[in-house]
2 protein chains.
Amino acid sequence: MNTKAALNKRWQSGDNGLAIERLPAKESFKSRAYAALKEAITHMNIYGSEEPLLLDERDISERLGASRTPIREAVAMLEQEGLLKAVPRRGILVVRRTKAEIIEMIEAWAALESMAARLAASRASDEAIAELRAFFKEFDLNRIERERCDEYSTANIAFHQALIRLSGSSLLAAMTDNLFFHVRAIRHRTIFEMDRAQRSASDHLEIIQAIEARDADRAERLVRDHTLRLARHVESHVNLD
Amino acid sequence: MNTKAALNKRWQSGDNGLAIERLPAKESFKSRAYAALKEAITHMNIYGSEEPLLLDERDISERLGASRTPIREAVAMLEQEGLLKAVPRRGILVVRRTKAEIIEMIEAWAALESMAARLAASRASDEAIAELRAFFKEFDLNRIERERCDEYSTANIAFHQALIRLSGSSLLAAMTDNLFFHVRAIRHRTIFEMDRAQRSASDHLEIIQAIEARDADRAERLVRDHTLRLARHVESHVNLD
DNA sequence: CTTCGAAATTTGGCATACCAAATACCAGCA
DNA sequence: TGCTGGTATTTGGTATGCCAAATTTCGAAG
């Protein structure tokens with residue numbers, strides 16, 4: 001039966017018999033503009049100068065080969081995300097976070113990641129946890145090599161993201177990713193300090209052990225303290241404003 | 001000195017000597033459309049039917065007396081926020097969350113609010129904490145009266161929001177507000193059950209006492225368990241899909 | 001040389017028009 | 001009656017143009 005009603009119903013209800021998704025035949029300009037802008041902002045040294053970083057709709061639309069409309073929609077999305085701020089008759093400026101805001105972000109991150117650790121300790125499969133340990137080993141081996149990286153330690157973040165994935169909550173993953181994005185943007189000499197304070201391998205090992213032991217309370221506490229320590233470090237040693 | 005350069009610099013740097021914000025002389029159509037749509041979605045019984053809830057750009061633009069452009073920008077923002085999903089040649093549909101997603105939201109909420117409790121216990125002024133107790137008293141008195149409310153207990157949410165404000169972190173407040181929005185949308189008979197499970201006054205009192213005693217660990221644990229209990233309740237007693 | 005202000009320019013907000021894709025409709029055929 | 005195929009319509013995506021507000025420019029007055 002391929003009646004129109006049935007087809008319609010199938011679409012409406014999702015008919016999850018088949019696990020395929022309607023693939024976006026052609027990525028819209030809006031999406032592409034969004035991705036391009038976010039990418040550009042990612043690789044921008046936001047805190048490198050004091051001048052306001054502002055973008056120009058028309059310039060962007062020309063460079064991307066699209067009209068202003070989809071760019072404006074992409075900007076609206078990034079504005080909602082807190083990365084941009086469109087000021088009438090001024091321009092679209094890249095938002096700089098204050099030190100206080102960054103600290104709030106790290107604290108929220110501590111909350112989310114410690115919850116992830118708790119959930120991971122109580123739910124994750126032994127296999128998944130084992131993968132985390134394998135990842136940690138790799139992380140430890142490449143420590144010195146990656147130490148040169150002038151961004152906020154990629155490996156370090158990757159470890160934390162792996163931990164969060166263990167919780168099985170894609171929401172926690174999405175929320176922390178968003179927070180990471182902002183914290184990561186602080187390129188600064190003191191980032192090395194932060195990194196050092198943050199990446200103590202022993203902390204990571206303890207966390208893994210707690211999760212392996214299915215000790216949710218301990219895992220949560222270790223992660224929370226670990227990340228809050230970073231917040232306190234930023235509070236006392238980083239100067240942004 | 002009111003030279004142009006000085007004026008310009010003042011604008012550029014923000015000159016935070018004065019804590020006033022450039023007030024948007026006339027709220028843009030985009031903002032108004034955003035607010036109107038969000039308001040509409042708020043008062044929509046999203047889970048009341050199985051049919052896909054879809055909106056029409058042109059219809060909305062007519063009703064709001066604006067063109068499609070600002071409406072599309074507002075839709076893009078709400079899409080970013082996860083409330084809407086624009087499907088090409090289909091329409092703009094209001095996103096329904098699965099039960100699993102709702103549970104993830106409550107767990108994230110537990111993470112954020114328990115962190116807020118921790119911060120409140122260690123930072124909030126005695127006066128602010130006292131206000132929380134006063135608020136609790138009022139909340140308790142009006143319990144029976146408000147019990148009729150067929151939405152997710154307003155008073156209950158208000159208590160939690162007051163607690164979160166105590167942390168002093170506007171980020172935690174913003175993030176939990178967003179989560180509340182989605183959880184609130186589940187209008188369902190079982191919401192009463194959730195409410196009952198959630199609003200035990202004794203829990204609230206214990207939380208206040210822990211904060212007053214500056215016992216951060218205890219305050220955090222009480223709030224976390226309190227909210228995770230709701231998650232477990234939803235998991236076993238609410239049926240959405 | 002500085003100050004002031006009016007005109008030109010810039011820039012985001014908004015409206016409108018067009019397009020392509022996907023659906024809905026309907027006539028015609030088996 | 002029921003299916004099929006083609007056409008009309010709907011609908012979101014995009015381009016374009018105009019507008020008002022704010023800035024910048026620049027020349028005239030002091």
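Convention: sequence-line order gives letters A, B, ...; per-chain numbering from 1.
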Given [options], the nucleotide with the shortest approach to the side chain of [X]:
X     : options                : result
A/S28 : D/dG13, C/dC14, D/dA15 : D/dG13
B/R68 : D/dT11, D/dA15, C/dA17 : C/dA17
A/S67 : C/dG13, C/dG12, D/dT16 : D/dT16

- [ ] Between A/D56 and B/A66, just flag the one whose closest nucleotide in DNA chain C comes earlier from the 5' side.
- [x]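 Upstream on the strand: A/D56.
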Task: Smallest separation among heavy atoms of B/L179 and B/W109, with atom names - done: CD1-N, 3.6 Å
Task: Evaluation steps, side chain to side chain contact (heavy atoms under 4.5 Å, CB included), between B/K30 and A/E79 - done: CA-CA 12 Å; B/K30 175 173 72 175; A/E79 202 173 346; 3.4 Å; yes
Any side-chain to backbone donor/acceptor pair from [X] onto [Y]? Under 3.5 Å, distance only.
X      : Y      : answer
B/S236 : B/R232 : yes
B/Y47  : B/R97  : yes
A/E104 : B/L171 : yes
B/S114 : B/A111 : yes

TODO: Measure the angle between the two terminal helix axes of the helix from C/dC1-D/dG30 to C/dA30-D/dT1, five base pairs each, and quote it to 10°.
DONE: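 The end-segment axes of the helix from C/dC1-D/dG30 to C/dA30-D/dT1 are tilted 10° relative to each other.
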Round to a whole Å and report the spacing from [atom1] of [X] to [atom2] of [N].
X     : N      : atom1 : atom2 : answer
A/F29 : C/dA20 : CZ    : P     : 13 Å
B/L55 : D/dT10 : CG    : P     : 19 Å
A/M77 : D/dG13 : CE    : P     : 10 Å
B/Y34 : C/dC14 : OH    : C1'   : 20 Å
B/R58 : C/dC19 : CZ    : P     : 14 Å
B/E57 : C/dC14 : CD    : P     : 15 Å

Open item on the list: When you measure only distances, ignoring hydrogens and angles, does the side chain of A/R90 come within 3.5 Å of the base of C/dG12 through a donor and an acceptor?
Closed with: no
Task: Contact list for DNA chain D against residues 69-76 of chain A - heavy-atom distance below 4.0 Å - done: A/T69, A/P70
Open item on the list: Let me confirm one number: the CD-OG distance from A/E101 to B/S169, rounded to the nearest 0.5 Å.
Closed with: 10.0 Å
Open item on the list: By the 4.0 Å heavy-atom rule, please label B/A86 as base, sugar-phosphate, or nothing.
Closed with: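 Nothing, no heavy atom under 4.0 Å.
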TODO: For B/L54, answer base if it contacts any base atom (sugar-phosphate contacts may also be present), sugar-phosphate if it contacts only those atoms, and nothing otherwise; contact means non-hydrogen atoms under 4.0 Å.
DONE: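 Nothing, no heavy atom under 4.0 Å.
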Open item on the list: Set out, in order, the CA-CA distance, both residues' side-chain angles and the distance that settles side chain to side chain contact (heavy atoms under 4.5 Å, CB included) for A/T176 and A/H160, then state yes or no.
Closed with: CA-CA 10 Å; A/T176 50; A/H160 287 279; over 6 Å; no
Open item on the list: So, applying salt bridge (Lys or Arg N to Asp or Glu O under 4.0 Å) with A/E57, which one of A/R90, A/R63, A/R72 is it?
Closed with: A/R72
